[in-house]
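Written below as structure tokens is the structure these notes are about.
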Amino acid sequence: MARISREYLSNYLIYMINIKVLFVCLGNICRSPTAHGVFEHVVAENGLAEVITVDSAGTGDWHLGEAPDPRSVQAAKKRHYDLSPLRARQVTRQDFFQFDYILAMDHNNLADLERIKPGEYQGELNLFLSYGKKSNMEDVPDPYYGLGDGFERVLNLIEQASDGLLNYIVKKHPL
Ligand code: 4NP
């Protein structure tokens, strides 16, 4: 019988198992890029960057091609997340054929996504905060027009839900 090295096997598993996660908000300049940067960081810290791919998009088209809101970039930077390379794009029906998890920041985003979801979608379309078990919040509040600590609050909610999401994914797709 052919001997397969451990290294070959682990690379093969990485090649076979690629879980794709898409975060969606309204503008793709505040909440979903924050989730994108934080979750990607948590994934990399846990050695899973080769296995889990992360992206983000908005339901609206006002900010296509723009960098995240400077207030989001600044708040994230203080916690050592770099959002600066990200650029806004709009979610498409095609995303449902690419992503295993499509996670909405609030109920409005979720309703918009439900409207374009192909009937045969096999992945999970859900509210992102449903994976963060410690909070009763269901929506990540939109900080765009707000004052005060809205961006910190977004980060707190997203950090907590990111840990919950990674635990959930690892349990659901055991390597
Ligand atoms: P986001 O915030 O959905 O978290 O990116 C918003 C950004 C821009 C707008 C609304 C929300 N806007 O109306 O331009």
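Each residue takes its place number in the sequence, starting with 1. Every heavy atom of this structure was used, including side-chain atoms; hydrogens, water molecules and symmetry mates were not. In each ligand, atom 1 is the first atom listed, and ligand 1 is the first ligand listed.
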Heavy-atom nearest neighbour in the protein, as seen from [atom], with distance rounded to 0.1 Å:
{"atom": "atom 13 (O) of ligand 1", "answer": "Tyr145 OH, 3.2 Å"}
{"atom": "atom 8 (C) of ligand 1", "answer": "His63 NE2, 3.4 Å"}
{"atom": "atom 1 (P) of ligand 1", "answer": "Cys25 SG, 3.5 Å"}

Legend entry - Sole residue of Gln98, Arg89, Lys20 in side-chain hydrogen bond (donor to acceptor under 3.5 Å, both in side chains) with Asp55: Arg89
Contact check, side chains of [X] and [Y], non-hydrogen atoms, under 4.5 Å:
{"X": "Lys117", "Y": "Glu114", "value": "yes"}
{"X": "Leu157", "Y": "Pro141", "value": "yes"}
{"X": "Glu124", "Y": "Lys172", "value": "yes"}
{"X": "Ile102", "Y": "Tyr121", "value": "yes"}

Could you list the atoms of ligand 1 found under 4.0 angstrom from a heavy atom of [X]?
{"X": "Ile29", "value": "5 (O), 7 (C), 8 (C)"}
{"X": "Cys30", "value": "1 (P), 2 (O), 4 (O), 5 (O)"}
{"X": "Leu26", "value": "3 (O), 10 (C), 11 (C)"}

Inset, instruction - Begin from the C-alpha positions of Val91 and Asp112 and carry the test side chain to side chain contact (heavy atoms under 4.5 Å, CB included) through to its verdict. - result: CA-CA 10 Å; Val91 71; Asp112 288 340; over 6 Å; no
Inset, instruction - May I ask you to check whether Asn28 has an N/O atom sitting below 3.5 Å from an N/O atom of ligand 1? - result: yes
Inset, instruction - Record the part of Asp142 in heavy-atom contact with ligand 1 below 4.0 Å; permitted values are side chain, backbone, both and neither. - result: side chain
Inset, instruction - Just let me know how Met105 lines up against ligand 1, side chain, backbone, both or neither, with a heavy-atom cut-off below 4.0 Å. - result: neither
Legend entry - Donor-acceptor side-chain pairing of Asn28 and His63 below 3.5 angstrom: no
